[in-house]
Amino acid sequence: MRNGAPELGAVDGAAGLRVAVVASSWHTEVMAGLRAGARRALADSRVADVTEVQVPGTFELPVAAARLAGAGFDAIVALGVVIRGGTPHFDYVCTAAAVGLTDVTVRTGVPVGFGVLTCDDQAQALDRAGLPDSREDKGYEATAAALATAVTLAAYAP
Ligand SMILES: Nc1c(NC[C@H](O)[C@H](O)[C@H](O)CO)[nH]c(=O)[nH]c1=O
Ligand SMILES: CC(=O)[C@@H](O)COP(=O)(O)O
């Protein structure tokens, strides 16, 4: 079950896009799945111009996305994994990432795929990581969303 998400597949018209994938470094097994899912989505859509940037944590995704959005990329994919601990820190990291990435995409007009898992535990994260036993592939989903948005909005250039 994919919770109503659209079917995953190639994005027509995306082949010539210049795309940056920015990934955080926490929770390496889950992150490997998200990054692989993003690469599958890019390959399915025949996107060849791909730049990968790594940051320490999910909190650092917005500043990296902002810098990349100003560097001429057509779409950005932000990948991160935040797993709840014993304090409210989880809420602050997740909110900062969501608000920060939203600000970047709206302010710059560059589509940003939100590939940040915000999970209560490791099992939830693994189930959404696009790994062999995962039910969902959030890395693929976020990438396909960014590509599709970039293609759609190209017709409405500012
Ligand atoms: N707990 C998680 C973090 N925390 C680190 C922050 O993202 C940030 O790097 C730090 O506060 C320094 O600025 N990051 C994740 O990506 N995932 C977590 O579960
Ligand atoms: C989401 C996090 O930052 C997490 O590592 C914090 O764990 P804790 O709340 O136990 O400090």
Side-chain angles (χ1 to χ4, degrees), residues 1-6 8 11 17-45 47 49-150:
M1 180 183 77
R2 291 176 27 79
N3 297 335
L8 303 180
V11 176
L17 294 176
R18 185 172 178 235
V19 179
V21 178
V22 55
S24 73
S25 306
W26 282 58
H27 308 297
T28 52
E29 180 184 4
V30 182
M31 279 306 304
L34 293 180
R35 289 201 315 274
R39 286 196 294 270
R40 281 195 298 274
L42 292 163
D44 286 353
S45 298
V47 176
D49 190 340
V50 179
T51 297
E52 293 196 24
V53 172
Q54 191 162 1
V55 294
T58 295
F59 184 83
E60 285 75 37
L61 290 175
V63 66
R67 182 67 57 84
L68 295 164
F73 288 96
D74 301 307
I76 295 167
V77 184
L79 304 176
V81 180
V82 191
I83 297 179
R84 191 182 299 277
T87 74
H89 194 240
F90 168 88
D91 300 313
Y92 291 95
V93 172
C94 296
T95 301
V99 170
L101 291 170
T102 302
D103 174 67
V104 169
T105 192
V106 170
R107 183 165 44 79
T108 66
V110 177
V112 174
F114 189 71
V116 176
L117 301 185
T118 56
C119 300
D120 289 323
D121 53 41
Q122 174 93 352
Q124 283 185 351
L126 289 168
D127 200 28
R128 292 157 174 82
L131 294 166
D133 294 334
S134 301
R135 285 184 306 149
E136 295 183 85
D137 189 345
K138 291 300 186 182
Y140 194 112
E141 276 183 29
T143 303
L147 297 179
T149 305

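Because the structure is a prediction, the values reported are computed rather than measured. Both counts, for ligands and for their atoms, begin at 1 and track the order of listing.
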Exercise. Between V11 and L17, is any pair of side-chain heavy atoms under 4.5 Å apart?
Worked result: no
Exercise. What is the distance from atom CG of L42 to atom OH of Y140, rounded to the nearest 0.5 Å?
Worked result: 9.0 Å
For this session: Using atom types as modelled and distance alone, determine if a side-chain donor or acceptor of S24 lies under 3.5 Å from a backbone N or O of P56.
Result: no
For this session: Could you tell me whether P56 and ligand 1 have an N or O pair separated by under 3.5 Å?
Result: no
Exercise. Of all the non-hydrogen atoms in the protein, which one sits nearest to atom 10 (O) of ligand 2, and at what distance?
Worked result: G86 N, 2.8 Å
Exercise. Do you know which of D121, T118, D120 makes side-chain hydrogen bond (donor to acceptor under 3.5 Å, both in side chains) with R84?
Worked result: D120
Exercise. So, is P88 polar-close to ligand 2, with some N/O to N/O distance under 3.5 Å?
Worked result: no
Problem set entry | W26 and T58, any side-chain heavy atoms less than 4.5 Å apart | no
Seminar exercise, completed: ligand 2 atoms nearer than 4.0 angstrom to some heavy atom of V82 are 1 (C)
Problem set entry | Those atoms of ligand 1 less than 4.0 Å from some heavy atom in G57 | 7 (O), 9 (O), 16 (O)
Exercise. Which of the numbered atoms in ligand 2 are below 4.0 angstrom from a heavy atom of F90?
Worked result: 1 (C)
Problem set entry | Proximal atoms of ligand 2 relative to G85 (non-hydrogen, under 4.0 Å) | 7 (O), 8 (P), 9 (O), 10 (O)
For this session: Provide the number and element of each atom of ligand 1 under 4.0 Å from a heavy atom of V81.
Result: 15 (C), 16 (O), 17 (N), 18 (C), 19 (O)
For this session: Just jot down the ligand 2 atoms closer than 4.0 angstrom to any heavy atom of I83, in number order.
Result: 1 (C), 4 (C)
Problem set entry | atom 6 (C) of ligand 1: the protein heavy-atom neighbour that sits closest, reported with distance to 0.1 Å | F59 CB, 3.9 Å
Seminar exercise, completed: The answer for which part of T58 has a heavy atom under 4.0 Å from ligand 1 is both
Exercise. Can you find a pair of side-chain heavy atoms, one from L131 and one from L126, that are under 4.5 Å apart?
Worked result: yes
Exercise. Judged by atom type as modelled, is there a donor-acceptor pair below 3.5 Å linking the side chain of T105 to the main-chain atoms of V110?
Worked result: yes
Exercise. Counting heavy atoms not belonging to F59, are there more than 12 under 6.0 Å from its CZ?
Worked result: no
Problem set entry | Nearest-0.5 Å distance that lies between atom CD in Q124 and atom CD1 in I83 | 9.0 Å
Exercise. N/O of R84 under 3.5 Å from N/O of ligand 2, yes or no?
Worked result: no
Exercise. Heavy-atom distance to atom 9 (O) of ligand 2: which of V81, T87, V93 wins?
Worked result: T87
Problem set entry | Within-cut-off N or O pair, I83 and ligand 1, under 3.5 Å | yes
Exercise. Are any non-hydrogen side-chain atoms of V30 and Q122 less than 4.5 angstrom apart?
Worked result: yes
For this session: Please could you name the atoms of ligand 2 that H89 approaches to less than 4.0 Å, counting only its heavy atoms?
Result: 2 (C), 3 (O), 6 (C)
For this session: Could you find the nearest protein heavy atom to atom 9 (O) of ligand 1 and give me its residue, atom name and distance?
Result: E60 OE1, 2.7 Å
Exercise. Can an N or O of W26 be found at a distance shorter than 3.5 Å from an N or O of ligand 2?
Worked result: no
Problem set entry | E29, CD: over 12 other non-hydrogen atoms inside 6.0 angstrom | no
For this session: Please state which part of W26 comes within less than 4.0 Å of ligand 1, counting heavy atoms only: side chain, backbone, both or neither.
Result: side chain
Seminar exercise, completed: Under 4.0 Å from one or more heavy atoms of S24, ligand 1 contributes atoms 16 (O)
Exercise. With a 4.0 Å cut-off on heavy atoms, is G80 touching ligand 1?
Worked result: no
Exercise. Is ligand 1 less than 4.0 angstrom away from at least one heavy atom of H27?
Worked result: yes
For this session: Spell out, as yes or no, whether a donor-acceptor pair under 3.5 Å connects the side chain of T87 to the backbone of H89.
Result: yes
Problem set entry | Exam field: side chain D74 to backbone V19, donor-acceptor pair closer than 3.5 Å | no
